[in-house]
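These notes are about the structure you will find just below.
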Amino acid sequence: MRIVSLAGGIGGARFLRGLKAAAPGSDITVIGNTGDDITLFGLRVCPDLDTVMYTLGGGINEEQGWGRADETFTVKEELAAYGMQPQWFGLGDRDFATHIVRSQMLAAGYPLSAVTEALCDRWRPGVRLLPMTDDQTETHVVIEDERGRRAVHFQEWWVRLRASTPALEIALVGAASATPAPGVLEALERADVVILPPSNPVVSVGTILQIPGIREAVAAKTVVGVSPIIGGAPVRGMADACLTAIGVQTSAQGVLELYGADLLDGWLVAEEDAATSLEGVAVEARPLLMSSPEATRDLAAAALDLAGKVAA
């Protein structure tokens, strides 16, 4: 089976681990969100690509779901001693090595897709990991605080402010002129099914779908999504703050309508959200909490099973 998944950070990466277990031997391509990417201390950081790579490659900090296992923070502490900013984004020593390699390769002229492939040569994630685009696109958030109305990088809003300052607007800067990375449209064309994991529907999956050509290519396939909302609350993270910013209700129903029947063929929701419905979309209720490897595998298997039903 040829499977394509659009993935953001922690939730997407953990779901993908279950997907590998549910479909052993399948050809899995992951299109990763790069809207969260940021340059820090002269280094290009790609949080979502790295979270997928580390999680599937066995190097992730399992407790927090991001960053490296067995991490130390000597470089971060030394930078703080020099007064270097920002100090709110914590890069670990092992993680710094990844960003140094990436930044050197980008500076040498390699596109992000080639850099990601080279990094994956070490981690062997068992999937083909592609950035959504080789072009630089960054998600910015418009807020209003004591400094007035201004735009900040998504990471500052998400990490430093913890999304506590309401977002007035969320925009993917550079999206209009970006093109899908090499291999993205080809993978979608070949796909038997496209799975949208329980990633943030606004700034993860939604960001990928903003790259011209990707949404249309996805919509042409059999598409099943997994709700990131259970009983009116995000499974993890602060997706509710992102949904509120774009005027969408924080519910399985709200996210289903955000994606739309033109995109989705099937939608998995939690059992407490079984009343969710949208004409043209097959909705099934299943346990959605990825509380164990077995539960995560079963969730991915349910998504594939629903894909088989709607494709029949």
Side-chain angles (χ1 to χ4, degrees), residues 7-15 32-41 43-52 54-55 60-68 71 73 75-77 79-80 83-92 95-96 99 137-173 197-208 227-252 254-255 258 289-290:
I10 300 171
R14 289 179 172 171
F15 178 85
N33 168 44
T34 60
D36 292 7
D37 294 4
I38 188 171
T39 298
L40 297 169
F41 312 114
L43 302 176
R44 193 63 178 167
V45 180
C46 301
D48 283 1
L49 292 178
D50 290 346
T51 294
V52 170
Y54 292 155
T55 299
I60 198 73
N61 181 320
E62 290 288 352
E63 182 176 348
Q64 63 189 19
W66 53 269
R68 291 286 306 280
E71 189 60 281
F73 293 90
V75 174
K76 178 179 182 292
E77 293 163 3
L79 288 169
M84 292 291 290
Q85 299 293 335
Q87 295 181 15
W88 46 262
F89 199 100
L91 297 176
D95 206 20
F96 261 110
H99 309 317
T137 58
E138 292 186 355
T139 301
H140 288 203
V141 180
V142 177
I143 62 172
E144 189 162 8
D145 56 14
E146 67 279 358
R147 295 171 56 183
R149 188 184 180 99
R150 61 194 180 97
V152 298
H153 192 285
F154 170 77
Q155 294 293 355
E156 181 174 358
W157 181 67
W158 194 253
V159 178
R160 186 177 76 82
L161 298 176
R162 299 294 298 169
S164 59
T165 302
L168 305 178
E169 183 182 351
I170 298 176
L172 182 61
V173 179
S199 295
N200 191 305
V202 181
V203 295
S204 291
V205 174
T207 300
I208 298 169
S227 175
I229 307 297
I230 296 178
V235 176
R236 64 174 298 128
M238 299 165 285
D240 51 340
C242 298
L243 290 166
T244 298
I246 63 170
V248 173
Q249 182 185 50
T250 302
S251 66
V255 178
L258 172 64
L289 285 178
M290 296 184 287

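Residue numbers count from 1 along this sequence.
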> Say you draw a straight line from CG of Leu91 to CG of Leu79; how long is it, rounded to the nearest 0.5 Å?
Replying inline: 9.0 Å
> Taking all atoms of both residues into account, what is the closest heavy-atom pair of Arg14 and Glu62, and its distance?
Replying inline: NH2-O, 2.8 Å
> So does Glu63 have more than 12 non-hydrogen atoms from other groups sitting under 6.0 Å from CD?
Replying inline: no
> Which atoms form the tightest heavy-atom contact between Arg160 and Trp88, and what is the distance?
Replying inline: CD-CD1, 3.2 Å
> When rounded to the nearest 0.5 angstrom, what is the spacing between CH2 in Trp66 and CD1 in Ile60?
Replying inline: 9.5 Å
> Does some side-chain heavy atom of Pro198 sit less than 4.5 Å from a side-chain heavy atom of Ser227?
Replying inline: no
> Can you find a heavy atom in the side chain of Ile170 that is under 4.5 Å from one in the side chain of Thr139?
Replying inline: yes
>> Around atom CZ of Arg162, are there more than 12 heavy atoms from other residues, nucleotides or ligands closer than 6.0 Å?
In response: no
> Do the side chain of His153 and the main chain of Thr39 share a donor and acceptor less than 3.5 angstrom apart?
Replying inline: no
> Roughly how far apart are Arg150 CZ and Thr165 OG1, rounded to 0.5 Å?
Replying inline: 8.0 Å
> Going by heavy atoms in the side chains, are Asn200 and Thr207 under 4.5 Å from each other?
Replying inline: no
>> With a 3.5 Å distance limit and no angle check, can you tell me whether Gln155 reaches the backbone of Asp36 through a side-chain donor-acceptor pair?
In response: yes
> Is the closest basic N to carboxylate O distance between Arg68 and Asp50 below 4.0 Å?
Replying inline: no
>> Run the side-chain contact (heavy atoms from CB on, under 4.5 Å) test against Leu289 and tell me which residues pass, sequence neighbours left out.
In response: Ile230, Val235
>> For Phe41 versus Met84, what's the shortest heavy-atom pair and its separation?
In response: CE2-CB, 4.2 Å
> When you measure from the side chain of Ser199 to the backbone N and O of Gly8, does any donor-acceptor pair fall under 3.5 Å?
Replying inline: yes
> How long is the gap from CH2 on Trp158 to CZ on Phe89, to the nearest 0.5 Å?
Replying inline: 13.0 Å
> Any luck finding a side-chain donor-acceptor pair between Asn61 and Tyr54 under 3.5 Å?
Replying inline: no
> Nearest heavy-atom pair of Val205 and Pro197: which atoms, and what distance?
Replying inline: CG2-O, 4.5 Å
>> Between Leu243 and Gln249, is the side-chain contact (heavy atoms from CB on, under 4.5 Å) condition met? List the steps.
In response: CA-CA 7 Å; Leu243 290 166; Gln249 182 185 50; over 6 Å; no
> How about Val141 and Glu169: do any of their side-chain heavy atoms sit closer than 4.5 Å?
Replying inline: no
>> Treating Asp37 as the side-chain partner and Glu138 as the backbone partner, does any N or O pair qualify as donor plus acceptor under 3.5 Å?
In response: no
>> Tell me the closest heavy-atom pair linking Met238 and Ala163, and the distance in Å.
In response: SD-CB, 3.8 Å
> How far does CD of Glu71 sit from CD of Gln64, to the nearest 0.5 angstrom?
Replying inline: 9.0 Å
> Any side-chain heavy atom of Leu168 within less than 4.5 Å of one from Glu144?
Replying inline: yes
>> So which atom in Ala7 and which in Val52 form the shortest heavy-atom distance, rounded to 0.1 Å?
In response: CB-CG2, 4.5 Å
> With a 4.5 Å limit on heavy-atom distance, are the side chains of Leu40 and His99 in contact?
Replying inline: no
>> Less than 4.5 Å apart, side chain to side chain, heavy atoms only: is that true for Ile143 and Pro166?
In response: no
> With no hydrogens and no angle check, is any side-chain donor or acceptor of Ser204 less than 3.5 Å from a backbone partner on Pro201?
Replying inline: no
>> Contact between Thr34 and Asp48 at the side-chain level, heavy atoms closer than 4.5 Å - yes or no?
In response: no
> Relative to each other, are the rings of Trp157 and Phe154 parallel, tilted or perpendicular (30° and 60° limits)?
Replying inline: tilted
> Hey, is the main chain of Gly254 close enough, under 3.5 Å, to the side chain of Ser251 for a donor-acceptor pair?
Replying inline: yes
